[in-house]
Amino acid sequence: MKILAPLVLASAASAHTIFSSLKVNNVNQGLGEGVRVPTYNGPIEDVTSASIACNGLPNTVGSTSVEAGAIVSVIWRYMLSTTGDSPADVMDSAHKGPTIAYLKKVDNAATDSGVGNGWFKIQQDGMDSSGVWGTERVINGKGRQSIKIPECIAPGQYLLRAEMHSAGNYPGAQFYMECAQLNVVAGTGAKTPSTVGFPGAYSGSAPGIKIKIYLPPVTSYTVPGPDVFVFVQL
């Protein structure tokens, strides 16, 4: 993919984190394969920007087939050229916040922009009772964000939007997100989720976005966006 080169060559000073690849059945699909890699791996900071949807152009390589009910792993790396999986290879540990994932059913995952309505949340990991954040679990877990694809959704083409969120005041909160292009097979279609739009799902005044997490110390946290879609377990 031609759009990979600017990121591989970028200086570390300008890099933060990026959704670099996707694992399906514990098999890495390859760097940038079926993932919308943007031209810059820094954050989006404007929740009204169209880039808050997928932060990258469609990937004409195509889509990755995933069976409904499978657990996929989004792989986050500090830069596309990063080969290690230590905490420093994933994201600056000072970036604390939730991890979030959404799906959107589309006619063609290789061409749909992702902008607009149709998104439903399938995973979130905020701050636990001991004060550890979702981003910390990914950083200390070799950059893996584990996401279950619901069994009960209809089969077809989907965009998977994975997000690492560095919480902070607004303006100032940082959103790192990219989309993978999926072809979901064997879904039952037993349940239809309610959906939200990107942009639109997030507000700069939302408590999980406009928040100071250091002083005073945060004791509870509300993850931005809608509730997680309740799966029908088969």
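This is a predicted model, so every value here is computed, not measured.
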Query - Pair V47-Y170, side-chain contact (heavy atoms from CB on, under 4.5 Å): steps then yes or no - result: CA-CA 10 Å; V47 296; Y170 188 83; 3.5 Å; yes
Smallest separation among heavy atoms of [X] and [Y], with atom names:
X    : Y    : result
V132 : R137 : O-NH2, 3.2 Å
A110 : R36  : C-NH2, 4.3 Å
T111 : P58  : O-CG, 3.7 Å
P43  : H16  : CD-CD2, 3.5 Å
V74  : A162 : CG2-CB, 3.7 Å
S73  : S146 : OG-OG, 3.9 Å

Taking the side chain as C-beta and beyond, is there a heavy-atom pair between [X] and [Y] under 4.5 Å?
X    : Y    : answer
K148 : I71  : yes
T99  : W76  : no
K105 : D112 : no
T17  : H95  : no
E45  : P171 : no
Y176 : N55  : no
L22  : L160 : yes
F229 : L103 : no

Spacing of [X] atom [atom1] and [Y] atom [atom2] [to the nearest 0.5 Å]:
X    : Y    : atom1 : atom2 : value
F175 : S51  : CZ    : OG    : 13.0 Å
Q29  : S63  : CD    : OG    : 11.5 Å
I18  : L80  : CD1   : CG    : 4.5 Å
H165 : I100 : NE2   : CD1   : 7.0 Å
F19  : C179 : CZ    : SG    : 8.5 Å
K23  : T64  : NZ    : OG1   : 14.5 Å

State plainly whether one hydrophobic cluster holds both [X] and [Y], where clusters connect Ile, Leu, Val, Met, Phe, Trp and Tyr through side-chain heavy atoms under 4.5 angstrom apart.
X    : Y    : answer
V72  : V228 : no
L182 : Y102 : no
V27  : I75  : no
I147 : L159 : no
F120 : V196 : no

Say whether, by atom type as modelled, one donor and one acceptor occur between the side chain of [X] and the main chain of [Y] under 3.5 angstrom.
X    : Y    : value
T135 : G97  : yes
N59  : E33  : no
Q181 : G62  : yes
K191 : V230 : yes
K96  : A167 : no

Query - NZ/K142: more than 12 non-hydrogen atoms of other groups inside 6.0 Å - result: no
Query - Step-by-step side-chain contact (heavy atoms from CB on, under 4.5 Å) determination, R77 to T83 - result: CA-CA 8 Å; R77 290 292 181 263; T83 57; over 6 Å; no
Report task. Kindly state whether the ring of Y221 and the ring of W133 have centres lying under 6.0 angstrom apart. Result -> yes
**Report entry** Check against side-chain contact (heavy atoms from CB on, under 4.5 Å), R161 and I52
**Finding:** CA-CA 10 Å; R161 179 187 181 277; I52 201 74; 4.0 Å; yes
**Report entry** Modelled atom types, side-chain donor and acceptor of T188 and E151, under 3.5 Å
**Finding:** no
**Report entry** Residues F198, M177; criterion side-chain contact (heavy atoms from CB on, under 4.5 Å); working and verdict
**Finding:** CA-CA 12 Å; F198 280 107; M177 83 300 298; over 6 Å; no
